[in-house]
Chemist: 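Before anything else, here's the structure in question.
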Amino acid sequence: MSVVVLISGRGSNLRALIEAGLPVRAAISNEPGAPGLAHAAAAGIPARAVAHRDFATREAFEAALARAVDEYAPRLVALAGFMRVLTAGFVARYAGRLMNIHPSLLPAFPGLDTHRRALAAGVKVHGCTVHFVTAELDRGPIIVQAAVAVRPDDTEETLAARVLREEHRIYPLAVRWFLEDRLELADGVVRVRGGDAQAYFACGA
Ligand code: GRF
C-alpha cells in the first residue's frame with residue numbers, strides 16, 4: 001500500500017503527502033542537493049538521490065531510477081515537482097499507478113512557467129491539477145483540480161503561492177483515493193467512487 005515520491009527541488013508537495021499521514025516509503029530525487037529530501041529525512045523516511053547527470057543516456061538514468069523505486073515495491077509512484085521528462089518506456093512500466101501534480105488547470109498551460117503564462121493570457125481562473133501520467137507531457141487523465149481566482153494585482157509569486165496552497169490540499173486527496181481503490185478510469189476519464197465526488201473540483205481563495 002505504499003507510495004514512492006519523486007522530486008527535484010523544494011518538496012513542499014512531498015511534505016504535504018507526509019503530513020497527511022499517507023504511507024510514503026521513500027523520496028527519490030534526480031538532484032542530489034534537492035532541499036525537499038530533508039522533509040523525508042525529518043520524518044524518518046528514506047531520502048535518496050539518483051542523479052541523472054551520472055548517466056550517459058535518459059534510458060540508463062531511468063533504469064537506475066526504476067531499480068531504486070522498485071526496491072520499495074510501491075503501489076503508487078507520485079511525481080511531485082520532478083523535473084525530468086520521462087520516456088514512454090518508464091511511463092508504461094508504471095502505467096495506471098504514476099501520478100503527477102501540475103500547477104495549472106490542465107489542459108490549459110502544460111509545461112513550464114504556468115503562472116507567468118496564465119497572467120500573460122489574462123485568465124481569470126487558474127489552479128492546479130492532479131492527473132495520471134501518460135507518455136504525452138501533462139496530458140494524462142485528470143483526477144482532481146482546484147481553482148483559484150486571479151486577482152488584478154496578482155504577481156507570478158502571489159498567484160503561485162495561492163495555487164500551491166491548493167496543491168497541498170488536492171494531492172493528498174488524490175493519493176488517498178487511489179490507495180482506497182476509488183479511482184476508476186474509463187475512456188481517459190477518471191471517476192471517483194464514493195461520497196465526496198464533488199471534491200473533483202475544489203474552489204480555493
Ligand atoms: C509544484 O508547483 C508542482 O505543481 C510542480 O512543481 C512544483 C513543485 O513544488 N510540478 P514542490 O517541490 O512540491 O514544493
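Keep in mind it's a predicted model, so treat the numbers as computed, not measured. Counting starts at 1 for both ligands and their atoms, following the listed order.
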Chemist: Hey, could you give me the CE/NE2 distance between M83 and H52, rounded to the nearest 0.5 Å?
Modeler: 11.0 Å
Chemist: Going through the distances and angles, do R162 and E167 end up as a salt bridge (Lys or Arg N to Asp or Glu O under 4.0 Å)?
Modeler: CA-CA 9 Å; R162 286 208 309 293; E167 294 186 35; over 6 Å; no
Chemist: Measure the spacing between CG of L17 and CD1 of I7 and express it to the nearest 0.5 Å.
Modeler: 11.0 Å
Chemist: Could a heavy atom of G11 be found less than 4.0 Å from some atom of ligand 1?
Modeler: yes
Chemist: Of all the heavy-atom pairs spanning H168 and S12, show the shortest one and how long it is.
Modeler: NE2-OG, 2.8 Å
Chemist: Of the protein's non-hydrogen atoms, which lies at the shortest distance from atom 9 (O) of ligand 1, and what is that distance?
Modeler: R10 NH2, 3.0 Å
Chemist: Would F178 and V192 show up in the same hydrophobic cluster when neighbours are defined by side-chain heavy atoms closer than 4.5 Å?
Modeler: yes
Chemist: Can you figure out which of V163, T129, N13, V130 has its heavy atom closest to atom 13 (O) of ligand 1?
Modeler: N13
Chemist: Which residue and atom name correspond to the protein heavy atom nearest atom 3 (C) of ligand 1, and how close is it?
Modeler: E167 OE1, 3.2 Å
Chemist: Considering only the protein, which heavy-atom contact is closest to atom 10 (N) of ligand 1, and what is its distance?
Modeler: I101 O, 3.0 Å
Chemist: Treating Ile, Leu, Val, Met, Phe, Trp and Tyr as nodes and any side-chain heavy-atom pair under 4.5 angstrom as an edge, say whether I18 and W177 lie in one connected cluster.
Modeler: yes
Chemist: Among all the protein's non-hydrogen atoms, which is closest to atom 6 (O) of ligand 1, and how far away is it?
Modeler: G81 CA, 3.5 Å
Chemist: Output yes when the distance from some N or O of ligand 1 to some N or O of G9 is under 3.5 Å, and no in every other case.
Modeler: no
Chemist: Any N or O on N100 sitting closer than 3.5 Å to an N or O of ligand 1?
Modeler: no
